[in-house]
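In what follows, a structure is listed as structure tokens, so that the remarks can point back to it.
Quantities reported herein were computed from a predicted structural model and do not represent experimental measurements. Hydrogens, waters and symmetry mates are skipped; everything else that's a heavy atom, side chains included, is used.
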Amino acid sequence: MARFIDDLAGAIYDFFKFILSCISYLLAGMLLVGIPLYLIVFVFKMFH
């Protein structure tokens, strides 16, 4: 029974670690793409 609980806890830990890494990569991608695009739009609005 203890081994089952240990395996279940490991599976839950791996699942949350996967979700957290996915969210981290999503946020990093949004920052890496969004900030330069925002700056490009800001520069074009200054010239318009």
Return a table of donor-acceptor pairs under 3.5 angstrom between the side chains of residues 12-22 and protein atoms on other chains or two or more places apart.
unit_1: S21; atom_1: OG; unit_2: K17; atom_2: O; d: 3.3
unit_1: S21; atom_1: OG; unit_2: F18; atom_2: O; d: 2.8

Cluster membership besides F47, Ile/Leu/Val/Met/Phe/Trp/Tyr side chains within less than 4.5 angstrom, sorted by chain and number, is V43

Only pairs under 3.5 Å count here: list side-chain donor-acceptor contacts from residues 2-9, not counting sequence neighbours, and write none if there are none.
none

Under a side-chain separation threshold of 4.5 Å, the hydrophobic residues clustered together with V33 are L37

Joining Ile, Leu, Val, Met, Phe, Trp and Tyr whenever any side-chain heavy atoms lie under 4.5 Å apart, the cluster holding L31 also takes in I35, L39

Under a side-chain separation threshold of 4.5 Å, the hydrophobic residues clustered together with F42 are M46

